[in-house]
2 protein chains.
Amino acid sequence: MAATIRDVARRAGVGLGTVSRVLNNSPLVSPVTRERVLDAIAELRYSPSQIARSFSSGKTLTVSVIAPFFTRPSVVERLRGIESALHASGYSLVVFNVETAARRDACLHDVSRHDRSDGVLIISLTPREDEIMLLREAGTPVGLIDTEAEGMYGVRIDDVYGGELAVRHLLDLGHRRIGFVGDSEAEVQDFNFTSSRHRQIGYLKALDALAITPPPEYQRYGVHGRYEARLLARELLQLAEPPTAIFAASDTQAMGVLEAARDQQLRVPDDLSVVGFDDIDVAEYLGLTTVYQPLFASGKRGVEILLCLIAGDLPEPPSEVLPIKLVARGTTAPPA
Amino acid sequence: MAATIRDVARRAGVGLGTVSRVLNNSPLVSPVTRERVLDAIAELRYSPSQIARSFSSGKTLTVSVIAPFFTRPSVVERLRGIESALHASGYSLVVFNVETAARRDACLHDVSRHDRSDGVLIISLTPREDEIMLLREAGTPVGLIDTEAEGMYGVRIDDVYGGELAVRHLLDLGHRRIGFVGDSEAEVQDFNFTSSRHRQIGYLKALDALAITPPPEYQRYGVHGRYEARLLARELLQLAEPPTAIFAASDTQAMGVLEAARDQQLRVPDDLSVVGFDDIDVAEYLGLTTVYQPLFASGKRGVEILLCLIAGDLPEPPSEVLPIKLVARGTTAPPA
DNA sequence: TGCTACTATGGAACCAGTTCCAAGATTACG
DNA sequence: CGTAATCTTGGAACTGGTTCCATAGTAGCA
């Protein structure tokens, strides 16, 4: 059907190797011959088979990315960074969406086969000991985004510090009763998500610096999302002594908190201050005070690190930390 | 390095073909032999090379999807439907994000090579005459999502009817001065997006049924997004005789309209009614009246159609139309 | 028992590139 | 002019599966 490299060779009256050399821009071809080959390629409307190429060269020019809940705005933005950097390098992007623990394990396992892609990017999921072994054995280059693991390379932020930033802002405004809304134990377990937990540690650290120990009932956990966060915040606000401010582990959860405040006829920020995390697109719209993290850049940088590994170099430092900052908007104010 | 099918054959003391038959669950293998081969596979920790498999069989078990602006919430939701259906069928998903006209053309061209993937899904972009030819010549199966084209298969909604639904709702409430905010001419041209235009036709049709002809200045166009929509809505609201209701071609644009209303100290829905389109996740949060369309289902159905084409069947009807409905929430009310 | 029909099996040929070695052509230089 | 070094070139071998044909084995049946 379609022309092959041999057809081109015959047509141009040259050898197989010569056509291959032309295709790969080898300098070992005389200008005259190159021209002749290019003519033959044009005449036959020849286009080399990518699969055959991958097969014989062992390179697929493809990168897999494992993204948990890839509809979450923060993940989407990272993906956009990944896609843009990858495309610029001529790589294709294969996406795996992980929404269950089983799928998480299956994906990590599949991808370690180092067969269909030249490398793997893992977003937010922290590989376990045995999975790290598997990936290393298979020799699959891996870049981690938004997480870190022993002996692996990647890019992340300091979530503990981010939590501190958020809560210090509330403390500076004069708040002392500060609640926390974060991911459920189950999610942390199932997916090995760490950011909510780390942000909470920052929350505790900031409070501890002022010798404040928040009561356990001020810290609530639920399945990630607006809906659950709304319920958790409602519980917080119905306490005998409710918090005057709530730090949510993500902007999405902060939106749930805002809904709960609305439900209780509380004005934000007059009656309740709210801080989120991530600075997703809609945060600006809502005037939500939050902690900004460079989502797009994390994807881009993750790709750079991975391509580095694929090329055989070792990036330095292994785990790069991107800067974050507090963005004060309209959902925080001094307590009444 | 890694074991090959020949190693397995040698180890199991059988022929090449037999191992291949075991791998492909051919019934033409005796239970005893099958067992022996499976043992050898386990002992050698053999796992067949996907690339070699694709190469020799011609199937890649991969589908490409071309998604314009894949961070837009509506696109993300479609992608989620695609990923879920594709994964259930054992296919991998290669994503191309299109954000410029040049990239649009390049992607459509690349993908038509029918080499790296068994089929292509195209979201919202309508292939042009020559592109259809190219795809047909290459024999690449194509599924269209959110658009249609002569002789091609896919799934979509009736955008004209959607626009009618939205505007009829406003008319029923008593509005007569109704503005429209949609995509810019440039976008429609560059990407061959059709939905904004079709929704506007629905808008005109609904008004026409009541013999209303909206003045040209009531219809504004700008680059898709919250920011531009806000500016356009501001212009509308500053007219000598401003509209009492605005229909935005998407929820994202409706959010811009809401911002503009806020800027002008207008209360929604008392002073201004707003209707969006798509019913993205955040619409519910905002209490936005909008037109619901099955985004997730469109992705899923698109995959089903594509797999059908890959299998060599022709789906009926060629262009399937999914149901939509108006979701009345808090941003619409009778005019003051 | 002999013939047929079907099952089970082995392995060559094939897919379309890349890689690398051998060899011919050309140039450089003493 | 002869020899070495360098530049070009051709094509066999290789990548790891699938496919299909030939053949051996076996059961069914008259």
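This structure is a prediction, so every number in the text was calculated from the model and none was measured. Naming convention: chains lettered A, B, ... in sequence-line order (proteins, then strands); numbering from 1 in each chain. Just so it is clear, the values below take in all heavy atoms, side chains as well, and ignore hydrogens, waters and symmetry mates.
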**Request:** Decide yes or no on side-chain contact (heavy atoms from CB on, under 4.5 Å) for S319(B) and R156(B), but give the supporting numbers first.
**Result:** CA-CA 7 Å; S319(B) 191; R156(B) 62 190 178 93; 2.9 Å; yes
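Of the listed nucleotides (dG16(D), dT19(C), dG10(D)), dG10(D) has the atom at the smallest distance from the side chain of T18(A). Taking the side chain of S57(B) as heavy atoms from C-beta on, and the options dG10(C), dT19(C), dT18(D), the nearest nucleotide is dT18(D).
By the 30° and 60° cut-offs, the orientation of the rings of F69(A) relative to F193(A) is tilted.
Residues V14(B) and S56(B) both approach DNA chain C. Their nearest nucleotides, taken by heavy-atom distance, put V14(B) toward the 5′ side. In terms of position on DNA chain D, the residue among G17(A) and R6(B) whose nearest nucleotide sits closer to the 5' end is G17(A).
Put simply, F55(A) rests on the base of dT15(D): the two rings are less than 5.5 Å apart at their centres and nearly parallel, under 30°.
You'll find a donor-acceptor pair under 3.5 Å spanning the side chain of R21(A) and the base of dG10(D), going by distance alone.
Atom CZ in R116(B) sits roughly 14 Å away from atom C1' in dG17(C) (whole-Å rounding).
Remark: S20(B) is in phosphate contact with dT18(D), judged by side-chain N or O atoms under 4.0 Å from OP1 or OP2. Dashed line: the shortest gap from a side-chain N or O of R53(A) to OP1 or OP2 of dT18(C) is under 4.0 Å.
Residues from residues 29-50 of chain A that place a heavy atom under 4.0 Å from any atom of DNA chain D, listed by number: V29(A), S30(A), T33(A).
For the atom pair CD1 (I122(A)) and CG (N192(A)), the distance works out to 11.0 Å, reported to the nearest 0.5 Å.
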